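The structure under discussion appears below in the form of structure tokens.
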Amino acid sequence: MTTRKIRVRFAPSPTGYLHVGGARTALFNWLFARNQGGIFLLRIEDTDVERNRPELVEGILDDLKWLGVEWDEGPFFQSERLELYREAAERLLAAGAAYPCFCAPSQYAGPEAKEESEESEEEAAPAARQTCPCRGLSAAERDAKVRAGLPYAIRFHVPESGSTKFRDEVFGDREVQNDEIEDFALLRSSRLPTYQLSVVVDDIAMGITHVIRGADHLSNTPKQVLLYRALGAEPPIFAHVPLILGPDRTRLSKRHGATSVGAYAGEGFLPEAFRNFLVLLGWSTGDDTELLDTGEMVERFSLAGVSRTNAVFDRAKLEWFNTQYLQKLPIERLLPYVEGELRRAELWQEAWAGPDRAWLAHAVDLIRPRTRLLGDFTSWSRGFFTDDFDYEKAAREKFWKDERLPAMLEKLAGALDAAPEWNHDACDRALRDLAAAEGVKAGLLINATRVALVGRAVAPPLFETMVVLGRERVVRRIRQAIPKITGN
RNA sequence: GGCGCCAUAGUGCAACGGUUAGCACGGCAGGCUUUCAAUCUGCAAAUCCGGGUUCGAUUCCCGGUGGCGCUACCA
């Protein structure tokens, strides 16, 4: 096979945050590089001055790091390599592979014009391939226009016959007739390169061997292959990965709610869970394996396993993955995430990093079977970490109805206060003895007490909760709750 | 409009000429009784349509339909 070292790249443009589609592309590139012992580099495609937002770059890098996708080289910025693209364009111009175009940019209709033509129904222009009139200009005419100071773009002269072939590891060998390809722009009249030019120049310069990117680039690939050849380079191997769609099967966008990686990080998803979910969108191991740790992912990833079908982003499944990781993550890996969550909620206490670390671990282990997101550690389980919590309405209505409760809870508080020991069995015995003496089912007291202790109907088992909270707090919270029950 | 790609339960994937079409999420129904968003059990649910090829098509070919993409001096 090839002796050349595999080199791949992820090339986002800072026109927005890192969205899930881009994240998945980055992940695939990274996995492929790691699997092949190759190099993964990062390149920022910031050649569109209009839409470019430099302040967004840092966020994109942060999101990639959060995901665990780390680059070996870069980030490289195209805005710092403009001279390279200009030279390439000039070279193609000199070689006759490109020509200056003096047309006004506006005469190339954008999306709006397209909609208009739909309204005017039938009369849609049969426009096959539109050839720029500037292509036919004689050398003298061109010189005259240039000398007159007319602004011009540089356009690639696509061969009028023949076909262009390339290899795609996902979609197979492709072939496109050249007469289907329009003369595309390489350099804008502002002397800034278009994507088509800069991507090829850089991929050549950076020795990229495999271009793994979204399938939305599939149709434009022939243009780039033409450019590689015109620039005297061998095209890389391509691998276009299917798109990620929203639940309505249209391209994922803000309309579908959170689409940025950062939003999911902020919502309390674990990076390992998010990554696992992402890798299975458009790729599979070939068997029924779903839970894959980083090592397994790297080991098993291959372009052959990439699907050709667009995938719908399913948040419910993402939450399931998160739940899985939340349950299985070793406590020492989970604790830092919980700490972050508690800090955000302003509930963090320094002692939990020191002497009370074991207590925190105990509480987290008790709470986690019922958690799906990190936020669950500060929402319904808030009462474990602070006295400042409230009694959920649904919980009060469901478990604080019996009018005998205030009296019984007062007795329970007394019994617990006097219990010879403070552990699961002692609490259990104290409560059940009381229930028996009062002639009520233990469940009545258990459920009412749970609400008194943490304010929720859905919460961990009671006696372990008592152990975690400690005798003093348990007795106090039961007594504090009593008046609220009466008034209910 | 033109060109292209894709098509298995609601969703993500398996089955790459022969299976009762498998797994997971979600859904629904029960169990547990110390709540449920925890847990256990069970159930429903798919090969887009029409032609071929073949002893045999989810699978190969053609047509249709649908979805998506591209068709920018955006990336």
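Predicted model, so just to flag it, every value in this text is computed and none were measured. Reminder, nothing fancy here: chain letters follow the sequence lines and each chain counts from 1. Heavy atoms only: backbone and side chains are in, while hydrogens, waters and symmetry mates are out.
- In RNA chain B, stems built from 3 or more consecutive Watson-Crick or G-U wobble pairs, each with both distances under 3.5 Å, span B:1-7 with B:65-71, B:10-13 with B:22-25, B:27-31 with B:39-43, B:48-52 with B:60-64.
- Residue-level contact check: A:Glu50 touches neither bases nor backbone, having no heavy atom under 4.0 Å from any strand.
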Name the pairs: protein N/O against N/O of nucleotides 61-68 of chain B, kept only if under 3.5 Å.
{"from": "B:C68", "atom 1": "O2'", "to": "A:Asn310", "atom 2": "OD1", "distance (Å)": "3.1"}

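- With distances taken from any side-chain atom of A:Glu45 to the nucleotides B:A37, B:A72, B:A75, the minimum falls on B:A75.
- Whole-Å rounding puts the A:Leu291 CG to B:C25 C1' distance at 12 Å.
- Here B:U71 is the nucleotide among B:G12, B:U71, B:C73 with the atom lying nearest to any side-chain atom of A:Glu182.
- Taking atom C1' on both B:C25 and B:A46, the two are 16 Å apart, rounded to the nearest angstrom.
- Going from the C1' atom of B:A57 to that of B:C40 covers 40 Å, rounded to whole Å.
- Counting any heavy atom pair closer than 4.0 Å across all strands shown, A:Gly214 reaches no nucleic acid atom.
- Residue order along RNA chain B, read from the 5' end via each residue's closest nucleotide, puts A:Ala316 first among A:Ala316 and A:Ser219.
- Across B:A15 and B:C48, the matching P atoms stand 16 Å from one another, rounded to whole Å.
- Screening residues 269-292 of chain A for salt bridge (charged side-chain N to carboxylate O under 4.0 Å, His left out), with sequence neighbours left out, gives A:Glu272-A:Arg333, A:Asp287-A:Arg300, A:Glu290-A:Lys317.
- One can place CG of A:Leu197 at 13 Å from P of B:C73, the figure rounded to the nearest angstrom.
- The side chain to side chain donor-acceptor pair (under 3.5 Å) check on A:Arg213 picks up A:Tyr195, A:Thr221, A:Gln224, A:His240, with sequence neighbours excluded.
- B:C73 and B:U11: their C1' atoms are spaced 41 Å apart (whole Å).
- A salt bridge is absent between A:Glu87 and A:Arg81: the closest approach of a Lys/Arg side-chain nitrogen to an acidic carboxylate oxygen does not fall below 4.0 angstrom.
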Every protein N/O within reach of nucleotides 40-46 of chain B N/O, cut-off under 3.5 Å:
none

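- Summarising the geometry, the separation between CZ on A:Arg382 and P on B:A37 is reported as 22 Å, rounded to the nearest angstrom.
- When the P atom is compared between B:G2 and B:U59, the two are found 28 Å apart, to the nearest whole Å.
- A salt bridge is defined here as a Lys NZ or Arg NE, NH1 or NH2 lying under 4.0 Å from an Asp or Glu carboxylate O, and A:Arg9 with A:Asp202 fails to meet this definition.
- Side-chain atoms of A:Thr194 come within 3.5 Å of backbone N or O of A:Ala185 as a donor-acceptor pair.
- The side chain of A:Glu180 approaches B:C3 more closely than any other nucleotide in the set B:C3, B:C73, B:G12.
- The side chain of A:Asp216 sits closest to B:C70 out of B:C74, B:C6, B:C70.
- Residues in residues 423-454 of chain A take part in these ring-ring contact (aromatic ring centres under 6.0 Å, His included) pairs, two or more places apart or across chains: A:His424-A:Phe463.
- Sorted by first and then second residue, the salt bridge (charged side-chain N to carboxylate O under 4.0 Å, His left out) pairs involving residues 366-378 of chain A (not counting sequence neighbours) are A:Glu319-A:Arg372, A:Asp365-A:Arg368.
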Solution key, residues 429-445 of chain A side-chain donor-acceptor pairs under 3.5 Å, sequence neighbours excluded:
{"from": "A:Arg432", "atom 1": "NE", "to": "A:Asp428", "atom 2": "OD1", "distance (Å)": "2.8"}
{"from": "A:Arg432", "atom 1": "NE", "to": "A:Asp428", "atom 2": "OD2", "distance (Å)": "3.4"}
{"from": "A:Glu438", "atom 1": "OE2", "to": "A:Lys411", "atom 2": "NZ", "distance (Å)": "2.7"}

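- At a cut-off of 3.5 angstrom, counting only N and O atoms as typed in the model, there is a donor on one side and an acceptor on the other between the side-chain of A:Ser189 and the base of B:C73.
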Identify all pairs in which a protein N or O lies below 3.5 Å from an N or O of nucleotides 30-34 of chain B, and state each distance.
{"from": "B:U34", "atom 1": "O2", "to": "A:Arg450", "atom 2": "NH2", "distance (Å)": "2.2"}
{"from": "B:U34", "atom 1": "O2", "to": "A:Leu462", "atom 2": "N", "distance (Å)": "3.2"}
{"from": "B:U34", "atom 1": "N3", "to": "A:Leu462", "atom 2": "N", "distance (Å)": "3.1"}

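- Remark: C1' of B:G26 and CG of A:Leu318 are 13 Å apart, rounded to the nearest angstrom.
- Side-chain to base pairing of A:Arg308 with B:C6: no donor and acceptor N or O lie closer than 3.5 Å to each other.
- Applying the side chain to side chain donor-acceptor pair (under 3.5 Å) rule to A:Arg91 yields no partners; only residues at least two apart in sequence or on another chain are considered.
- Ring to ring, A:Phe377 and A:Phe384 are not that close: their centroids are 6.0 angstrom or more apart.
- In this structure, the CG atom of A:Leu187 is 15 Å from the C1' atom of B:C74, given to the nearest Å.
- A gap of 46 Å separates the C1' atoms of B:U34 and B:U47, to the nearest Å.
- Between A:Phe277 and A:Phe313, a ring centre-to-centre spacing shorter than 6.0 Å is recorded.
- Residues A:Leu31 and A:Glu299 are not in side-chain contact: their nearest non-hydrogen atoms beyond the backbone lie 4.5 Å or more apart.
- Side-chain proximity of A:Arg51 to B:C36, B:C74, B:C73: nearest is B:C74.
- If you take NE2 of A:His217 and C1' of B:G4, they are 16 Å apart, rounded to a whole angstrom.
- Of all nucleotides listed (B:C25, B:A37, B:A14), B:C25 comes nearest to the side chain of A:Asp314.
- Of the residues in residues 16-26 of chain A, none lies under 4.0 Å from RNA chain B by heavy-atom distance.
- Using a 4.0 Å heavy-atom cutoff across all strands shown, A:Phe277 reaches no nucleic acid atom at all.
- A gap of 48 Å separates the C1' atoms of B:G50 and B:A37, to the nearest Å.
- Across B:C5, B:C36, B:C74, the shortest atom-to-atom separation from the side chain of A:Lys398 is found for B:C36.
- Using modelled atom types and a 3.5 Å distance limit, the side chains of A:Tyr17 and A:Asp63 yield no donor-acceptor pair.
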Give me the distances for all protein-to-nucleotides 15-22 of chain B N/O pairs that come in under 3.5 Å?
{"from": "B:G22", "atom 1": "N2", "to": "A:Asp288", "atom 2": "OD1", "distance (Å)": "3.3"}

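- Contact annotation: A:Arg188 reaches the phosphate of B:C74 (side-chain N/O to OP1 or OP2, under 4.0 Å).
- Aromatic pair A:Phe10/A:Trp71: centroids not less than 6.0 angstrom apart.
- Backbone-only contact: A:Thr47 has heavy atoms under 4.0 Å from sugar-phosphate atoms and none from a base.
- Distance CD (A:Glu319) to P (B:U11): 19 Å, rounded to an integer number of Å.
- If you check B:U11, B:A37, B:U71 against the side chain of A:Lys223, the one that comes closest is B:U71.
- In this structure, the CG atom of A:Asp179 is 18 Å from the P atom of B:U71, given to the nearest Å.
- For the pair A:Trp400 (side chain) and A:Ala395 (backbone), a donor-acceptor distance under 3.5 Å is absent.
- Listed pair A:Ser284 / B:G12 fails the phosphate criterion, with no side-chain N or O lying under 4.0 Å from OP1 or OP2.
- Side-chain rings of A:Tyr264 and A:Phe321 stay apart, their centers remaining 6.0 Å or farther from each other.
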